[in-house]
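To start, the structure itself, in structure tokens.
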Amino acid sequence: MKRTDTSNPDYFHQVVDCQWGCPAHTDVPEYIRLIAQGRFDDAYMVNRESNVFPGILGRVCDRPCEPACRRGRMDEKPVAICRLKRVAADHRGDITDRLPKAPAEKNGKKVALVGAGPASLAVANDLLPLGYECVIFEAQAVAGGLMRYNIPAFRLPHEVLNEEIDYILDMGAEIHYDHRVESMKELLEEGYDAVFVGSGAPRGKELRLPGRYDTENIHIGIDWLESVAFDHIDSIGKKVLIIGVGNTAMDCCRTSLRLGAKDVKVMARKPREFFKASDWELEDAEEEKVEIVVNHSPKEFVVENGKLKGMKFELMEYVIENGRIQDQDVTGEVFIPCDDVVLAIGQENAFPWIERDLGIEFNPWEEPMVDETTYESTRSGVFFGGDSAFGPKNIIWAVEHAHQAAISIHRHCQGESLHDRLPDLLNLQSRKMGMHEWSYSSTFDPAARRKMMHVPLEQRFEALGKEVELGFDAEQTAQEVERCLNCDIQTVFADALCIECDACLDICPTQCLTITSNGDREDLVNRLKAPVLEHDQPLFVSGDLKQTSRVMVKDENFCVHCGLCAERCPTAAWDMQKSLLNFPKAADYIDGPESGERPCQQRKAG
């Protein structure tokens with residue numbers, strides 16, 4: 001095998017599984033160490049640089065980082081990354097003086113943003129400090145989009161939402177409330193230099209079955225949640241069926257309980273392993289006595305004289321092989337009584353306000369044709385992001401879309417190529433402080449994942465906006481931060497310094513190191529001291545060592561970043577170095593010539 005190219009930022013990035021898994025590339029281990037030191041302001045700002053909404057995401061993020069966390073492959077439970085993000089947000093001080101500021105002198109460019117959801121707000125966050133005038137058009141009387149009216153206040157309190165939205169609006173964004181854009185053509189005629197569409201996926205999917213339109217007690221999930229959020233609905237029947245098992249369905253069932261429902265069932269067409277809802281969302285719903293019923297496929301709404309009596313379901317049986325449904329049968333039928341039904345079977349884009357003769361092309365599913373790198377539509381100067389670009393995802397994806405769209409908007413307004421983008425950057429810095437001392441907690445802590453504290457069940461339903469999760473206390477936080485393996489503190493190997501004494505192999509507690517003769521990958525992995533369990537994890541291979549021409553091989557999957565190899569090495573061939581990855585944003589394109597050149601110490605490694 002060739003020597004691993006560690007100058008490529010992607011190598012060390014992939015080793016930091018949580019950062020690799022996060023769409024916005026948040027430096028998770030760094031902010032966890034800052035929390036461990038009690039530096040909550042700094043931890044919050046590390047978060048905000050990439051994900052913009054730490055307080056919000058610390059409560060409702062879909063957590064793609066946690067399934068990726070290496071700790072989860074060691075003792076089944078990943079580090080509580082999302083919970084710790086909230087710790088930084090809840091315990092920070094006044095950080096307003098550290099927030100980006102808009103310059104008094106503008107650059108003469110004006111950008112329209114449709115919708116005041118997470119994508120549009122994050123675009124404004126990136127462009128306002130560069131002197132752009134950002135004009136936001138919001139159909140509702142308040143900003144926030146799905147964060148406000150599709151996520152219940154018992155999960156995301158309005159004060160948390162308002163504070164982080166205001167950080168952006170207070171930079172000088174011009175926002176027009178109660179202003180629904182009815183025509184893209186008219187908006188374009190107003191002369192904006194660019195238009196960003198961040199209107200989300202505002203249309204809930206229908207379930208057209210017999211009886212659907214014969215009663216008013218069948219609701220579309222996201223519309224119903226919006227009506228609850230704006231106090232248009234304050235009650236529901238005693239028996240409620242929720243159709244669908246995504247995260248929206250979990251919000252609907254738990255909201256129903258707070259509006260007076262006593263018997264709430266979530267009806268699933270498939271077995272539990274095919275649910276779209278996050279595990280923790282399911283656990284919270286079941287803790288509140290929501291019944292989740294599997295293998296029931298909706299067949300008919302039973303309505304008598306305009307009154308909903310219940311629903312008929314087909315009982316399903318599935319043949320499942322290797323995690324995939326191979327066959328299915330209907331084994332019977334059942335009637336389940338109810339007073340109300342909430343449909344939460346998905347969302348889709350809706351663009352009736354975009355005329356089809358403007359050069360903005362749509363695919364057969366009426367989704368805009370959007371470049372996945374630049375987020376530009378087929379009409380120059382019109383960009384999409386968040387759910388409006390590629391359909392429903394989650395807030396953290398909307399933020400990353402916004403970062404990339406903001407780069408494109410900036411380059412479009414400056415007359416530069418949208419595809420000519422800066423590379424990701426990598427810095428490595430030693431964490432050695434003494435002979436056997438590192439500037440991070442390098443010992444492995446076997447503690448189990450801490451459990452989030454909740455408001456007692458009997459108190460949860462006193463008010464619709466009573467937040468259920470209480471956050472970690474000081475003791476829980478102190479224990480949870482130590483579970484992080486510091487995957488961003490890389491074991492960096494200098495081939496020329498190695499004398500092949502095997503000291504590092506002897507002391508390694510996980511046997512992730514091997515010195516052996518080189519060969520192709522299939523041959524090499526069979527000669528490692530520990531078997532390769534995760535084949536998609538990086539495998540470090542050194543160059544030929546000068547004593548015997550063998551190679552040092554390291555299975556990154558087994559490494560716990562304890563630093564013992566570097567402590568034991570008599571020649572300092574091993575060192576523990578922090579990998580600081582920088583992912584360019586719009587501001588990084590204004591410091592140099594057209595290519596966006598950086599100072600030499602910040603250029604791509606190598």
Side-chain angles (χ1 to χ4, degrees), residues 1-17 29-30 33 70 425-444 484-521 523-532 534 537-581 601 603-606:
M1 294 181 67
K2 292 183 179 179
R3 189 192 196 282
T4 301
D5 181 13
T6 54
S7 69
N8 182 344
D10 279 351
Y11 178 76
F12 285 132
H13 184 195
Q14 193 173 354
V15 173
V16 192
D17 295 76
E30 180 70 14
R33 282 193 297 275
R70 181 174 282 115
L425 306 177
L426 169 69
N427 278 333
L428 290 169
Q429 185 181 54
S430 179
R431 285 296 181 255
K432 195 172 185 65
M433 295 179 65
M435 184 66 71
H436 301 294
E437 186 177 4
W438 307 101
S439 63
Y440 70 101
S441 178
S442 61
T443 56
F444 175 78
C484 178
L485 298 178
N486 298 291
C487 297
D488 63 328
I489 308 297
Q490 309 288 352
T491 47
V492 178
F493 184 69
D495 308 6
L497 296 178
C498 180
I499 58 174
E500 302 179 54
C501 65
D502 288 358
C504 56
L505 277 62
D506 293 340
I507 202 169
C508 178
T510 64
Q511 296 188 315
C512 71
L513 301 176
T514 303
I515 298 180
T516 185
S517 56
N518 208 337
D520 60 38
R521 183 183 175 92
D523 170 51
L524 196 61
V525 297
N526 289 326
R527 290 186 274 111
L528 301 184
K529 293 183 69 176
V532 173
E534 297 285 339
Q537 284 290 299
L539 196 68
F540 169 79
V541 180
S542 75
D544 291 348
L545 302 178
K546 59 185 179 183
Q547 305 291 334
T548 65
S549 295
R550 295 181 299 169
V551 292
M552 177 72 74
V553 184
K554 174 172 179 270
D555 186 348
E556 298 286 4
N557 182 56
F558 282 112
C559 181
V560 292
H561 302 259
C562 61
L564 290 175
C565 56
E567 290 183 26
R568 186 72 177 272
C569 181
T571 63
W574 287 107
D575 191 19
M576 306 304 295
Q577 298 185 11
K578 157 70 179 175
S579 60
L580 181 62
L581 289 147
Q601 70 271 22
R603 290 179 191 157
K604 182 177 178 181

I'd like to check Cys484 versus Arg33 (side-chain heavy atoms, cut-off strictly below 4.5 Å). Are they in contact? no
For a side-chain contact (heavy atoms from CB on, under 4.5 Å) check, start with the C-alpha distance between Val541 and Lys2, then their side-chain angles and the critical distance, and finish with the verdict. CA-CA 7 Å; Val541 180; Lys2 292 183 179 179; over 6 Å; no
Report the relative orientation of the aromatic rings in Trp574 and Phe493; use parallel for angles under 30°, tilted for 30 to 60°, perpendicular for over 60°. tilted
Distance-only donor-acceptor check, side chains Asp575 and Ser430, under 3.5 Å: yes
Heavy-atom nearest pair, Ala530 first then Phe558, reads CB-CE1, 4.0 Å
If I compare all heavy atoms of Cys565 with all of Thr491, which pair ends up nearest, and what's the gap? SG-CG2, 4.1 Å
May I ask you to say whether Glu556 pairs ionically with Arg70, meaning some side-chain N is under 4.0 Å from a carboxylate O? no
Test side-chain contact (heavy atoms from CB on, under 4.5 Å) on Val492 and Thr6; report intermediate values, then the result. CA-CA 9 Å; Val492 178; Thr6 54; over 6 Å; no
Donor-acceptor pair, side chain of Asp495 and main chain of Leu545, under 3.5 angstrom: no
Spell out, as yes or no, whether a donor-acceptor pair under 3.5 Å connects the side chain of Lys578 to the backbone of Arg431. no
For Trp438 and Gly563 the tightest heavy-atom approach is CZ2-O, 3.8 Å
May I ask you to decide if Ser441's main-chain N or O and Asn486's side chain share a donor-acceptor pair within less than 3.5 Å? yes
Distance in Å, Leu580 CG paired with Glu30 CD, rounded so as to fall on 0.5 Å steps: 7.5 Å
Nearest 0.5 Å please: distance from the CZ atom of Phe540 over to the CE atom of Met1. 11.0 Å
Determine whether a donor-acceptor pair (N or O, by modelled atom type, separation under 3.5 Å) exists between the side chain of Glu500 and the backbone of Gln547. yes
How about Val16 and Gln490: do any of their side-chain heavy atoms sit closer than 4.5 Å? yes
Keeping Thr514 on the side-chain end and Lys529 on the backbone end, is there a donor-acceptor pair under 3.5 Å? yes
Might you point out which heavy atoms bring Val532 and Leu528 nearest each other, and give the distance in Å? CG2-CD1, 3.7 Å
Which distance, rounded to the nearest 0.5 Å, do you find between the CG of Leu564 and the CD1 of Ile507? 4.5 Å
What heavy-atom pair brings Val551 and Gly543 nearest, and what distance separates the two atoms? CG1-O, 3.8 Å
Do any N or O atoms from the side chain of Ser542 and from the backbone of Met552 form a donor-acceptor pair under 3.5 angstrom? yes
SG of Cys508 to CG of Leu513, rounded to nearest 0.5 Å, is 4.5 Å
Flag, side chain of Asp520 to backbone of Asp523, donor-acceptor distance under 3.5 Å: yes
For side-chain contact (heavy atoms from CB on, under 4.5 Å), just list the numbers for Thr4 and Leu539, CA-CA rounded to whole Å, side-chain angles, deciding distance to a tenth of an Å, and then say yes or no. CA-CA 8 Å; Thr4 301; Leu539 196 68; over 6 Å; no
If I compare all heavy atoms of Arg550 with all of Thr516, which pair ends up nearest, and what's the gap? CB-O, 3.3 Å
How long is the gap from CD1 on Ile489 to OG on Ser442, to the nearest 0.5 Å? 10.0 Å
Donor-acceptor contact below 3.5 Å, side chain Gln14 vs main chain Pro538: no
For Pro29, does its backbone N or O pair with a side-chain atom of Asp488 as donor and acceptor, under 3.5 Å? no
Hey, does Cys559 have a side-chain heavy atom less than 4.5 Å from the side chain of Lys554? yes
Evaluate side-chain contact (heavy atoms from CB on, under 4.5 Å) for His561 paired with Val15, printing each intermediate quantity in order. CA-CA 11 Å; His561 302 259; Val15 173; 4.2 Å; yes
Distance in Å, Thr548 OG1 paired with Ile499 CD1, rounded so as to fall on 0.5 Å steps: 12.0 Å
